Amino acid sequence: MAENTKLSKEKINSNYSGKTDYDLIIIGAGISGMSTALMYLKNTEGKKILIVEKNSYVGGYSTTFRRGGYVFETTQLFPDIIEMIDYLGLDIKLKQYEKDFMRRIVVHGDEVDEYKIPTGAENFTRYLKSKFPDDADKIEKLMSYSISMFSQVRKLKVIPTLKDTLVTPFKAPKVIANLNRTYSGLLDKFDITNPKLREVMETFTSFSGVPSDMASSIYATGAMLSSMTRCFRPYGYFDEFPANMARLFQKRGGELLLNAEVENIVIDEGVAVGVKLKKEGRVIKAAKVITTIDPMVAMRKLVGDENLPAKYVKRLENVVMSASSINIALGLDDDIDLAGMDLDYPYNVVSTGLGTSEKLFDGFIAGDNSFSEDCFHAAVICPSLTTGAKNTITIRCTPFAINKWLEWRENDPEKYKAEKERWADFFINIAEKYFIPGLSKHIVVKNISTPATFARYSGSPTGSIYDMASIVTQFGPKRLPFKTPVKNLYQPKFAHGLYGGMMNGVQMVDMLLNRKFNDGNSLFSPKNK
Ligand SMILES: Cc1cc2nc3c(=O)[nH]c(=O)nc-3n(C[C@H](O)[C@H](O)[C@H](O)COP(=O)(O)OP(=O)(O)OC[C@H]3O[C@@H](n4cnc5c(N)ncnc54)[C@H](O)[C@@H]3O)c2cc1C
């Protein structure tokens, strides 16, 4: 791919007609916003939809950027969203990772365990049994239970009729039994006590930046199975995906307004009637408003506590937003042989052993971080092996809290820069030690994103990269519902990630259309394919 061509996202422009009244306004042109818009357009006729986005580009957290002649990406893996992409008619060339899903290293002092986690649940089960033969029976039981539980999720209705509610305990007993169970509770249920085996299994909760004793067992199992069953990345850059969505949206008559921050959701006698833009104070009306931005901002700032019932405000106060991250994007010289370093996996992950996620999460909750030489977790991704562009790697490190980063960036730029460099060096050393020998000698361009960077681009004051934290106390019926207490205002934030974002759209549109599209199903199963 030529380096100087425009990125896909840069080719998408506003096509706002200047109308002042719409059937639907969607706030945010991330994956959730655009999935909602496309699913709605496909299942309705003649509706006028406007997406309002504060940034100059579409895609939100799933994006790319250019620095010093290199192109870097935020996201790195498409879980299995192929059915939804095909349904919408999105054209994107994807590379499927056929063999291994992850190269996983666990460090215990000087001892290092390495695993190659294969794609496909059956392969994974076989692999685990070969690595941990003494635990083969337990592994078999855990995995078959997990697969069966995930298949029962398919039978759940998220927009249930009374009959659905009554039959759920019979149709999806494993889901009901696990609604309040943590992932570590699930491992305990199958007597998985071997610490090394637990370390491998907990890979799928540290994914979302939460410890297994807080993560929902259903969510972690779903993340594991939906990611490893079939996983992909674009042959080009990740921004192709949102750009293609935006192009299709505009082609089907949708309107997009970029560089337009929503300052308020306009409420009239308890009903959402439109949005007010920061620029020029322009008000655009709509019969329905959907927000896909950080729920704390949407509800507490754009709506305002004064417009919400006290009970809901209390609920908002108790929501735990997910952690933020430090991402180190490196452009490397041509002398390094990345192809010869066994890095072509969706994820290369290295961490210290059992207890790491708990310590890191505690550090984040305390408003800081707990990374040290003895306690770390990092993912190393190598996109250029697929894109064929100049050598790049990204090192992703979660969880970090935002607190000090904002303060430093605003009041002490030198400290901000020094801390960025300190943490970049720390993680580059880890990547060099476990994955890429000699890495630091090959760095040409270094771009460090901090929690303050994520906050600025996303508009989430906590720089939360995974929306509401996927802990068991905020899962399923305990998560903020799509229907807000304000009439005609909706907030589809069922889950995070590209899969979650696409499903936000599916469930949202199904709700708007009274189940006529997806029959109330929790997973994608449209009535007319
Ligand atoms: C570094 C990183 C790597 C990731 N890697 C992966 C991965 O490999 N695979 C995966 O599945 N997921 C990954 N994720 C998660 C995934 O990218 C997100 O969960 C998903 O993109 C969220 O989409 P969204 O539309 O719900 O929210 P967002 O992407 O946050 O979109 C919300 C949009 O609203 C806009 N907005 C905010 N406030 C306003 C306002 N007031 N007015 C107008 N517009 C506003 C924002 O600018 C943004 O464009 C990653 C996330 C990060 C940060």
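As the structure lists them, so they are numbered: ligands from 1, and atoms in each ligand from 1. Keep in mind it's a predicted model, so treat the numbers as computed, not measured.
- Only the backbone of Tyr457 comes within contact range of ligand 1, with a heavy atom under 4.0 Å; no side-chain atom does.
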Start with the C-alpha distance between Phe238 and Phe78, add both sets of side-chain angles, then the distance that settles ring pair (Phe, Tyr, Trp, His ring centres under 6.0 Å), and finish with yes or no.
CA-CA 9 Å; Phe238 256 93; Phe78 269 104; 5.2 Å; yes
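- Heavy atoms of Ser458 come nearer than 4.0 angstrom to ligand 1 in at least one pair.
- Ion pair Arg479/Asp467 flagged as a salt bridge, since at least one NZ, NE, NH1 or NH2 atom sits closer than 4.0 Å to an Asp/Glu carboxylate oxygen.
- Note: Tyr219 and Phe475 have perpendicular aromatic rings, judged against thresholds of 30 and 60 degrees for the angle between ring planes.
- At a 4.0 Å heavy-atom cut-off, ligand 1 does not touch Asp294 at all.
- Judged by the 6.0 Å distance and 45° axis criteria, Lys42 is positioned over the aromatic ring of Tyr87.
- Taking the six-membered ring for Trp and the full ring otherwise, the centers of Phe65 and Phe72 sit less than 6.0 Å from each other.
- For ligand 1, the atoms closer than 4.0 angstrom to any heavy atom of Gly28 are 33 (C), 34 (O), 35 (C).
- Each of Phe361, Phe364, Phe371 was compared with Phe400 under the ring-ring contact (aromatic ring centres under 6.0 Å, His included) criterion, and only Phe371 meets it.
- We find that Glu263 and Lys279 are not joined by a salt bridge, their nearest charged nitrogen and carboxylate oxygen being 4.0 Å or further apart.
- Close N/O approach between Tyr61 and ligand 1 is found [any backbone or side-chain N/O within under 3.5 Å].
- Nearest protein heavy-atom contact of atom 17 (O) of ligand 1 is Thr75 CG2, 3.4 Å.
- In Arg396, the part holding a heavy atom less than 4.0 Å from any atom of ligand 1 is the side chain.
- Checking Lys48, Gln250, Lys19 one by one against Glu255, the side chain to side chain donor-acceptor pair (under 3.5 Å) holds for a single residue, Lys19.
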Walk me through whether Ser449 and Asn327 qualify under side-chain hydrogen bond (donor to acceptor under 3.5 Å, both in side chains).
CA-CA 5 Å; Ser449 310; Asn327 269 30; 5.6 Å; no
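- Considering backbone and side-chain atoms together, Glu53 places an N or O closer than 3.5 Å to an N or O of ligand 1.
- Of the N or O atoms in Tyr466, none lie within a sub-3.5 Å distance of an N or O in ligand 1.
- For the pair Gly60 and ligand 1, a heavy-atom separation below 4.0 Å is found.
- Contact annotation: for Lys493 versus ligand 1, heavy atoms closer than 4.0 Å belong to the side chain alone.
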Evaluate the criterion side-chain hydrogen bond (donor to acceptor under 3.5 Å, both in side chains) for residue pair Ser458 and Tyr61; output intermediate values, then yes/no.
CA-CA 7 Å; Ser458 69; Tyr61 267 143; 3.1 Å; yes
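- Contact annotation for atom 6 (C) of ligand 1: protein present (non-hydrogen atoms, distance under 4.0 Å).
- Looking at Ser460 against ligand 1, nothing comes within 4.0 Å, counting heavy atoms.
- Summarising the geometry of Asn244 relative to Arg247, their closest heavy-atom pair is OD1-NH1, 3.0 Å, with the distance given to 0.1 Å.
- Here Asn327 has side-chain heavy atoms under 4.0 Å from ligand 1, and that is the only part of it that gets that close.
- Residue contacts with ligand 1: Ala260 is included, with a non-hydrogen atom under 4.0 Å away.
- Between Thr74 and ligand 1, not a single N/O pair is under 3.5 Å apart.
- Applying the 4.0 Å criterion to heavy atoms of Ser32 picks out, from ligand 1, the atoms 24 (P), 25 (O), 26 (O).
- Of the protein's heavy atoms, Val262 N, 3.7 Å lies nearest to atom 40 (C) of ligand 1.
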